[in-house]
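A short worksheet on the structure shown next.
Given the structure is predicted, the values throughout are model-derived calculations rather than measurements. Remember, it's 1-based here, ligands and their atoms both numbered in the order they're listed.
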Amino acid sequence: MTNPLYDTLFGQHQGKTTPFLELVDGTIVTHNEYLQLAAQYAHAFTQLGVKPGDRVAVQIGKSPQALAVYAACVQAGIVFLPLNTAYIADEVSYFVENSGARVILCDGKRSEALEPIAQSTGAILETMNDDGSGSFAMQAEVMPSAFATIDRAEDDLAAFLYTSGTTGRSKGAMLTQGNLLSNSKALTDEWVFTSDDVLLHALPIFHTHGLFVATNISLLSGCKILFMSKFDLNVIIEQLPNATTMMGVPTFYTRLLEDERFTRDLARHMRLFVSGSAPLLAETHVQFEERTGHRILERYGMTETNMNTSNPYKGERRAGTVGFPLPGVEIKITDSNTGATLQQGDIGEIEVRGPNVFKGYWQMPDKTAAELREDGFFVTGDLGQIDDDGYLHIVGRNKDLIISGGYNIYPKEIELLLDSEEGVLESAVVGVPHPDFGETVVGFLVAEGGAQLDLAAIKKNIGASLARFKHPQKLIVVPELQRNTMGKVQKKAMREDYKNMFALA
Ligand code: MCA
Ligand code: AMP
């Protein structure tokens, strides 16, 4: 094989007029149409001077064309770097600079904001709008609809996905062709995906869940995707009877359960509901089964590792657990301080090893060495326990991270902004339970002696540097931050004290 990822996922569909994407308005994009578009895009990138191994930063809305950019990068050996569409220019600037991206592909509406980044980094700015139009499409449409696939090996990079650190700046997780391929094979088998399936796809395609898990499995199995631009409850309810499978973050499932139109009958044709990216409450699992008769299959993954574990398709799907290691994946529970493997049943750091585990962080050898051991085990920062039957339970996090509606938010990034506000002595940003997003952001501020803090002004100021989903839902002034005897801020205790502030709202 010349390009294992392309040949296995995409190339197998060459020339086939089978449906790949079905849009909400009934439009069908066949596998062949999709691959022809991707080939034109691969030519367009090549024409722009992008070489195999170069990075292309992509911040565009979800569309068939956007998904074809992913295929084009794989076919041309380019490293695909998708970015959350909510990121503002400051945030994008870092990713482009750090990755050395050759091209920034953005929505036409964003080009003015991103142009200075292109100028300062020397990247080429091209546009692609939600309907696929834009400067990039104009160059691509005159290109041939076949492209000679670039040779790649399993160890070559396919994508960079940025993930934040608890202390420093975001890190580019380098994912290889082999990482993506091994995981899509394992998941397709484990979850028994076939070409008869129809996957309801409402996740964004700039993260592992919607991009690699959902899309790669669909490509490998040849199943059709009901392709929605975003999660819209009305559209989901309308389309569910046409689907056999769905993947979502827990917020998808709690929103469905809140709607009385979501009935057993509506879910009658479904074969499988998968949840991940954030903890699914055991009560949601139970309520879902009571309402529909289906047990949600919960799995556990990370940007750096793709999927690690999954509840079984055939065996018992156990609420509050993330199941067993996928084939080829090893999990161990270790002492966070010493790294020593703990006894079965003990709580400790979850470590993972396997073909799914990334190659390291882009140009950050120290950070890579700190998290990826020489023996191949990756230290996840999640705390877990393996029960007597071998199910993995995630019991907490050994990293300061908030997961809101499946999006990761790093408190440190917000604290640094709050601390630099006038009159603020120090701050602590904490994730408190939220009925819709699972967790949400609350900032605690300590004022400098006697200062009166203008919370509205602070909110506005810090908001200018942060994507909307990271904005604190509330800022609270406190006389001091809770600390232990070592002086460490006690976020767990603060979370506990404020755990009902949104639940009761
Ligand atoms: C949108 N908003 C949010 C979030 N999403 N605020 C906090 N947390 C969020 N997740 C805000 C917007 O900024 C906006 O604020 C307002 O909500 C409405 O925006 P809208 O786009 O209409 O929101 P929504 O459609 O209700 O979106 C909620 C959502 C979405 C459907 C839960 O966030 C989503 O699709 N999440 C999935 C994320 C995901 O794919 N994660 C996988 C990561 P304002 O009104 O103030 O402007 S991959 C991963 O974690 C690992 C590998 C794994 O295991 O999968
Ligand atoms: P990310 O950095 O976006 O890849 O997020 C990965 C993190 O999401 C993991 O380290 C976990 O903390 C969390 N996560 C993913 N799936 C689950 C799950 N099923 N249950 C609990 N946490 C999860």
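- With no hydrogens or angles considered, a side-chain donor-acceptor pair links Asn398 and Ser336 at under 3.5 Å.
- Among protein heavy atoms, atom 23 (O) of ligand 1 sits closest to Lys230 NZ, 4.4 Å.
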Under 3.5 Å: N or O atoms of ligand 2 paired with protein N or O:
| unit_1 | atom_1 | unit_2 | atom_2 | d |
| --- | --- | --- | --- | --- |
| ligand 2 | 2 (O) | Asn408 | ND2 | 2.7 |
| ligand 2 | 3 (O) | Asn408 | ND2 | 2.9 |
| ligand 2 | 4 (O) | Thr303 | N | 2.5 |
| ligand 2 | 4 (O) | Thr303 | OG1 | 2.7 |
| ligand 2 | 5 (O) | Asn408 | ND2 | 3.1 |
| ligand 2 | 10 (O) | Asp382 | OD1 | 3.4 |
| ligand 2 | 10 (O) | Asp382 | OD2 | 2.6 |
| ligand 2 | 10 (O) | Lys399 | NZ | 2.7 |
| ligand 2 | 12 (O) | Asp382 | OD1 | 2.6 |
| ligand 2 | 12 (O) | Asp382 | OD2 | 3.4 |
| ligand 2 | 16 (N) | Ser277 | N | 3.2 |
| ligand 2 | 19 (N) | Glu298 | OE2 | 2.9 |
| ligand 2 | 19 (N) | Arg299 | O | 2.7 |
| ligand 2 | 20 (N) | Glu298 | OE2 | 3.4 |

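- At a heavy-atom distance under 4.0 Å, no atom of Met247 approaches ligand 1.
- Counting the atoms of ligand 1 from 1 in the order shown, those under 4.0 Å from a heavy atom of Met302 are 52 (C).
- Remark: minimum distance from atom 35 (O) of ligand 1 to any protein heavy atom is reached at Pro204 CD, 3.6 Å.
- Scanning the protein heavy atoms around atom 13 (O) of ligand 1, the nearest turns out to be Arg468 CB, 3.2 Å.
- Taking every non-hydrogen atom of Phe231 and a distance limit under 4.0 Å, the qualifying atoms of ligand 1 come out as 25 (O), 31 (C).
- Close approach of ligand 1 to Thr303 is summarised as follows: ligand atoms under 4.0 Å from at least one heavy atom of the residue are 52 (C).
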Determine whether Thr380 and Phe378 satisfy the following criterion, side-chain contact (heavy atoms from CB on, under 4.5 Å), listing intermediate values before the conclusion.
CA-CA 6 Å; Thr380 62; Phe378 175 67; 4.2 Å; yes

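- Atom 53 (C) of ligand 1 lies below 4.0 Å from at least one non-hydrogen atom of the protein.
- Donor-acceptor pairing under 3.5 Å is lacking for the side chains of Ser310 and Glu190.
- Counting only N and O atoms by type, the side chains of Thr321 and His393 include no donor and acceptor under 3.5 Å apart.
- The presence of a protein heavy atom under 4.0 Å from atom 29 (C) of ligand 1 is ruled out.
- For Tyr253 and Gln287, the side-chain atoms include no donor-acceptor pair closer than 3.5 Å.
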Verdict with reasoning, Arg271 to Tyr313, per side chain to side chain donor-acceptor pair (under 3.5 Å)
CA-CA 10 Å; Arg271 172 177 82 73; Tyr313 181 73; 2.9 Å; yes

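- With sequence neighbours excluded, the residues satisfying side-chain contact (heavy atoms from CB on, under 4.5 Å) with Arg261 are Asn234, Ile237, Asp259.
- In this structure, Lys332 is positioned above the aromatic face of Phe377, its NZ or CZ under 6.0 Å from the six-membered ring centre and within 45° of the axis.
- By the definition of a contact as any protein heavy atom under 4.0 Å away, atom 25 (O) of ligand 1 is in contact.
- For the pair Lys62 and Phe227, the cation sits on the ring face: its NZ or CZ lies under 6.0 Å from the ring centre, inside 45° of the axis.
- For the pair Lys470 and ligand 1, no heavy-atom separation below 4.0 Å is found.
- Between Leu226 and Ala243, the closest heavy-atom pair is CD1-CB, 4.0 Å.
- Which parts of ligand 1 touch Leu203 is read off a 4.0 Å heavy-atom cut-off, strictly below it: atoms 40 (O).
- Within 4.0 Å of atom 7 (C) of ligand 1, at least one protein heavy atom is present.
- The shortest N or O to N or O distance between Arg299 and ligand 1 is below 3.5 Å.
- Using a 3.5 Å distance cut-off with no hydrogens or angles, the side chains of Glu421 and Asn461 do pair a donor with an acceptor.
- For atom 38 (C) of ligand 1, a protein heavy-atom neighbour is found at a distance under 4.0 Å.
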Determine, stepwise, if the pair Tyr410 / Lys470 fulfils side-chain contact (heavy atoms from CB on, under 4.5 Å).
CA-CA 9 Å; Tyr410 286 84; Lys470 300 179 188 170; over 6 Å; no

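- The two atoms that bring Val249 and Gly406 nearest to each other are CG1-CA, 4.0 Å, heavy atoms only.
- Across Gly301, Ala278, Ser404, heavy-atom proximity to atom 9 (C) of ligand 1 is greatest for Ser404.
- Closest to atom 50 (O) of ligand 1, if we only count protein heavy atoms, is Ser277 CB, 3.4 Å.
- When Gly405, Gly406, Ala467 are checked for heavy-atom proximity to atom 36 (N) of ligand 1, Gly405 turns out nearest.
- Ionic pairing of Lys224 and Asp197 is not present here: no N-O contact between side-chain nitrogen and carboxylate oxygen is shorter than 4.0 angstrom.
- Classified by interplanar angle (parallel below 30°, tilted 30° to 60°, perpendicular above 60°), the ring pair Phe273/Phe262 is perpendicular.
- Here the options are Val357, Leu326, Asn216, Asn179, the test is side chain to side chain contact (heavy atoms under 4.5 Å, CB included), and the partner is Asn306; only Asn179 passes.
- Residue-ligand proximity, Phe252 to ligand 1, at heavy-atom distances under 4.0 Å covers atoms 31 (C), 35 (O).
- Distance check for atom 45 (O) of ligand 1: every protein heavy atom is found at 4.0 Å or beyond.
- Given atom 5 (N) of ligand 1, the protein heavy atom at minimum distance is Tyr407 CE1, 3.9 Å.
- When the options Leu23, Ile217, Leu21, Val198 are evaluated for a side chain to side chain contact (heavy atoms under 4.5 Å, CB included) with Ile225, the one that passes is Leu21.
- The single protein non-hydrogen atom nearest to atom 17 (O) of ligand 1 is Phe437 CZ, 4.2 Å, given as residue, atom name and distance.
- Ligand 1 has no atom lying under 4.0 Å from any heavy atom of His471.
- Heavy atoms of Tyr300 found under 4.0 angstrom from ligand 1: none, in either backbone or side chain.
- The shortest heavy-atom contact between Val235 and Met228 is CG1-SD, 4.1 Å.
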